[in-house]
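Each remark here refers to the structure printed beneath this line.
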Amino acid sequence: MKHSLRKQLTVIFSVLIAAMFLANYLVNSFFLESFYYTKKQEVLIEAYRILNENMDSMGNLGEEQSDALDEICNENGLSYLVTDMSYNEVLGSKSNFYASIMKGRLNGYGIGVDTDNVKVLDSNDSYTIQVKYDSEIGLNYLEMWGILDEGFYFIMRINIEGIRDSVRISNEFIKYICIIGVILTAILVWVVTKRVTRPLNELTELSKRMADLDFNAKYTSGGTDEIGQLGEYFNEMSQKLEQAYAQLMTANNELQRDIAKKEKIDDMRKEFLSNVSHELKTPIALIQGYAEGLQECINDDPESREFYCEVIMDEASKMNTLVQKLLTLNQLEFGNDEVVMERFDLALLIRNKIQAVSILAQQKNAEITYSGEDSLFAWGDEFKVEEVVNNYVSNALNHVSGTGKIEVAAQVCEGETGKDQKVRVTVFNTGEQIPVEDIGQIWDKFYKVDKARTREYGGSGVGLSIVKAIMESFHQAYGVENREDGVAFWFELRCGDVSRRADAAQSVTGSAAERKAKRLEPEEADSDVCDGEWRPQ
């Protein structure tokens with residue numbers, strides 16, 4: 001074949017090998033000398049470090065340090081000389097035949113002479129490293145001279161033309177180049193082979209997906225070689241199988257969807273009937289009992305008859321409230337209730353609610369306060385948001401104890417900016433905490449922690465379920481948390497423009513009030529208290 005994989009791999013690896021040899025040759029040609037000088041400078045600096053860190057004020061060097069310095073001298077052909085301030089020899093390398101020459105050069109460098117044929121490589125306040133051609137000997141030396149911390153002058157040098165040393169350093173350099181070359185070759189081969197093996201891996205994955213009856217899998221890498229042709233055949237086979245299997249998949253999906261829907265409806269119906277039956281059993285029994293008492297004239301005095309009638313009316317009112325809440329919750333859960341998003345003054349809504357329940361708070365010896373901005377705009381369905389606030393505040397009133405404080409706060413969430421900035425409303429009341437094991441269930445319909453206390457104020461266990469359904473219809477967060485001295489419920493809305501004019505705000509809230517009046521029955525519009533779901537132990 002024209003584009004055979006064998007030809008492609010042969011050309012690719014041939015070019016790679018040729019490129020590696022060429023790169024090795026170029027690196028040796030252009031960088032070996034610099035590497036050579038760098039290694040020798042490292043030797044000089046190491047010898048300087050031993051002298052500078054270990055020589056005392058008397059010019060003495062420890063035996064261990066002296067041996068280490070001699071080892072460096074023997075391995076690298078290094079000669080050194082240390083003198084006092086008067087250039088008298090204090091310390092020097094063994095078998096140094098050029099000590100007098102080195103002393104003279106050190107003296108010359110100190111007074112700023114004998115700087116011919118010098119190439120400075122590195123210099124600081126303590127030492128200078130340079131290449132010096134010694135005309136007396138006819139050799140190039142790498143020299144290092146300067147002053148030690150104890151005030152001694154020093155000079156050391158290495159013959160940079162030693163053949164044996166040059167071969168050793170060159171071999172070390174080539175060793176590093178080979179290692180780098182092998183690594184680069186491995187990387188390049190990995191990259192290149194990935195290009196070859198990627199289509200094969202794709203075909204393998206394609207085969208597995210087709211074995212699992214996923215006929216939507218297609219080969220997409222293309223190509224005109226053997227793998228490319230194989231991929232085209234896979235696509236053709238997948239297309240034909242997909243056409244034959246498509247109708248069966250469609251029918252199966254529809255059947256599964258219908259079964260799931262039916263099961264969900266059956267479960268909801270059973271749960272609904274069970275919960276409603278349980279909630280209505282007690283008030284119906286009370287109504288029946290007191291009605292039979294009236295019928296049989298158990299108590300003939302007017303006060304008793306009035307009491308019986310009040311009980312019957314109270315229980316009937318509770319059943320009516322429960323039915324209304326269940327209808328509202330049913331509409332929210334099935335998405336039948338329209339969500340009208342608008343921009344409204346959330347702070348004004350909260351203050352109005354607090355004012356409406358102030359008398360009830362006084363009756364419970366509770367103090368209810370608001371903290372936040374006087375005007376704080378948010379986006380949401382104002383009628384439904386009012387329902388959420390109403391449930392939270394009523395819940396707090398029903399369960400406040402201890403110091404009797406209820407705090408309602410509204411503030412913009414910190415750390416958020418832009419169009420996704422949120423406003424968080426928190427309703428906190430002092431009292432007993434919610435048991436940890438019940439926190440995750442308080443949002444469920446008819447769930448009650450303390451059923452006896454719930455019965456005292458007529459709670460049905462639906463209020464927080466309505467809150468949950470409303471907030472989920474907004475796609476916004478809500479929750480509850482235990483605090484040290486009570487419980488705090490919260491929810492979030494998307495923040496509106498707080499700079500809106502007061503007259504515009506009045507227009508928005510007015511329109512919402514009109515819409516609320518149209519949607520609520522009179523008894524609902526006048527109701528200030530909804531029940532809550534959680535009951536402390």
Side-chain angles (χ1 to χ4, degrees), residues 260-261 263-276 278-280 318-342 344 346 349-350 353 378-396 398 422-427 434 438-449 454 458-481 487-494 512 515-516 518-521 523-525 527-535:
K261 185 176 180 180
E263 290 177 349
K264 180 179 179 181
I265 293 174
D266 288 342
D267 291 340
M268 292 179 65
R269 178 180 58 81
K270 292 176 182 178
E271 180 184 6
F272 178 81
L273 291 175
S274 175
N275 290 327
V276 170
H278 178 76
E279 292 298 326
L280 295 180
K318 290 178 181 179
M319 286 193 296
N320 182 53
T321 301
L322 173 62
V323 171
Q324 290 176 356
K325 289 182 178 180
L326 289 174
L327 291 175
T328 300
L329 182 60
N330 184 67
Q331 289 180 335
L332 289 169
E333 289 181 337
F334 283 91
N336 297 327
D337 194 25
E338 180 183 4
V339 177
V340 180
M341 301 300 290
E342 58 186 344
F344 66 96
L346 180 59
L349 185 151
I350 294 172
K353 178 57 187 175
W379 286 96
D381 188 317
E382 185 177 1
F383 170 72
K384 291 185 173 61
V385 173
E386 183 178 2
E387 182 78 8
V388 173
V389 174
N390 188 51
N391 274 282
Y392 276 179
V393 172
S394 301
N395 194 69
N398 290 326
K422 300 296 179 62
V423 175
R424 173 172 284 203
V425 176
T426 304
V427 180
I434 304 175
D438 294 321
I439 286 182
Q441 305 178 63
I442 62 175
W443 309 98
D444 297 341
K445 291 189 294 290
F446 300 106
Y447 186 82
K448 304 170 187 177
V449 177
T454 302
S460 61
V462 181
L464 290 183
S465 299
I466 294 177
V467 171
K468 174 184 177 182
I470 290 175
M471 296 311 302
E472 289 180 352
S473 69
F474 291 168
H475 303 288
Q476 298 295 335
Y478 62 96
V480 61
E481 59 184 15
V487 180
F489 284 84
W490 59 270
F491 68 91
E492 292 180 353
L493 296 173
R494 191 160 64 89
R515 184 165 61 86
K516 174 186 173 182
K518 293 179 180 179
R519 297 169 61 181
L520 288 178
E521 296 296 332
E523 60 271 22
E524 291 180 292
S527 176
D528 289 326
V529 181
C530 290
D531 79 300
E533 271 70 25
W534 70 271
R535 309 294 175 257

- Query: When you look at V388 and F474, which way does the side chain to side chain contact (heavy atoms under 4.5 Å, CB included) test go after all the steps?
  - Reply: CA-CA 12 Å; V388 173; F474 291 168; 5.7 Å; no

- Query: Where do S465 and W443 come nearest, in terms of heavy atoms and distance?
  - Reply: OG-O, 3.0 Å

- Task: Indicate the atoms forming the closest heavy-atom contact of M471 with L493, along with that distance.
- Result: CE-CD2, 4.3 Å

- Query: Nearest 0.5 Å, what's the CD-CD1 distance between Q441 and I439?
  - Reply: 11.0 Å

- Query: Which of these, V340, L349, L346, sits in a side-chain contact (heavy atoms from CB on, under 4.5 Å) with E382?
  - Reply: L349

- Do the ring planes of F491 and Y392 sit parallel (below 30°), tilted (30 to 60°) or perpendicular (above 60°)? tilted

- Apply salt bridge (charged side-chain N to carboxylate O under 4.0 Å, His left out) to E481 and list each qualifying residue two or more places apart in sequence or on a separate chain. R483

- Residue pair V480 / W490: nearest heavy atoms and the distance that separates them: N-NE1, 3.7 Å

- Distance, nearest 0.5 Å, that separates NE2 of H475 from CZ of R494: 12.5 Å

- Task: Would you check if the side chain of N391 reaches a backbone N or O of E387 as a donor-acceptor pair within less than 3.5 Å?
- Result: yes

- Which atoms form the tightest heavy-atom contact between K422 and Q476, and what is the distance? NZ-OE1, 3.3 Å

